[in-house]
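All figures in this text were calculated on a predicted structure; none of them were measured in a lab.
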Amino acid sequence: MKFQMIHENYNVANLEKSMDFYEKALGLRECRRKDAADGSFIIVYLKNEESDFELELTWLRDMDRPYNLGDCEFHLAFRVDDYDAAYAHHKEMGCICFENPSMGIYFIQDPDGYWLEIIPAR
């Protein structure tokens, strides 16, 4: 048996704000969506040309509080070809939430508090 990772889901409070963040921060764009007939949810899949992997953003109409992300010990990692340019871009966006210079990595945080690891190409 062979298993291929195809997507990861993040639930979001403001779909447009999250989509804008992911496009600006990581170059991810909508590739498809599913709207519930009754308006109770919208699922949007984001991706870029670097991989077939997709990020699934789910907006739930009836969610009335911020999502509980625990201790933010889980994250999605992105390898970038120009680490210095990415760092400068994310610093300008104000979304860097943790840096680990000794490991040569940093994390950015999306509008809902999800952490995304940025790793240089090695």
Sequence neighbours excluded, every pair satisfying salt bridge (Lys or Arg N to Asp or Glu O under 4.0 Å) that has a member inside [range]:
range: residues 75-103; result: Lys91-Glu99
range: residues 106-122; result: none
range: residues 14-28; result: Glu23-Arg29
range: residues 4-15; result: none

Which value, rounded to the nearest 0.5 Å, describes the distance between [X] atom [atom1] and [Y] atom [atom2]?
X: Trp59; Y: Ile42; atom1: CH2; atom2: CD1; value: 5.0 Å
X: Leu15; Y: Thr58; atom1: CG; atom2: OG1; value: 9.0 Å
X: Glu30; Y: Leu46; atom1: CD; atom2: CG; value: 7.0 Å
X: Leu28; Y: Ser18; atom1: CG; atom2: OG; value: 12.0 Å
X: Glu56; Y: Ile6; atom1: CD; atom2: CD1; value: 9.0 Å
X: Leu57; Y: Met19; atom1: CG; atom2: CE; value: 7.5 Å

Legend entry - His89 side chain to Ala85 backbone, donor-acceptor under 3.5 Å: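 Such a contact is absent between His89 side chain and Ala85 backbone.
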Kindly write out the residues that satisfy ring pair (Phe, Tyr, Trp, His ring centres under 6.0 Å) with [X], not counting sequence neighbours, or none if the list is empty.
X: Trp115; result: Phe107
X: His7; result: Tyr45
X: Phe21; result: none
X: Tyr10; result: Tyr114

Inset, instruction - Considering non-hydrogen atoms only, spot the tightest contact between Pro120 and Gly104 and give its length. - result: CD-O, 3.1 Å
Legend entry - Closest approach of Tyr83 to Ile119 (non-hydrogen atoms, all atoms of both residues):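 So the minimum-distance heavy-atom pair works out to CD1-C, 4.1 Å.
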For [X], what residues pass the side chain to side chain donor-acceptor pair (under 3.5 Å) criterion, not counting sequence neighbours?
X: Asn68; answer: none
X: Asp35; answer: none
X: Gln109; answer: none

Inset, instruction - Check the pair Ile96, Ile118 against side-chain contact (heavy atoms from CB on, under 4.5 Å), reporting the backbone distance first and the verdict last. - result: CA-CA 10 Å; Ile96 295 176; Ile118 309 301; over 6 Å; no
Legend entry - Non-neighbouring partners of Met103 that pass side chain to side chain contact (heavy atoms under 4.5 Å, CB included), sequence neighbours left out: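 So Met103 forms a side chain to side chain contact (heavy atoms under 4.5 Å, CB included) with Asn100, Ile105.
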Legend entry - Neighbour count >12 (heavy atoms, 6.0 Å) for atom CG, Asp52: no
Legend entry - is_close_aromatic(Phe98, Tyr106), centroid dist under 6.0 Å: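 Judged by ring-centre distance (under 6.0 Å), Phe98 and Tyr106 do not meet the cut-off.
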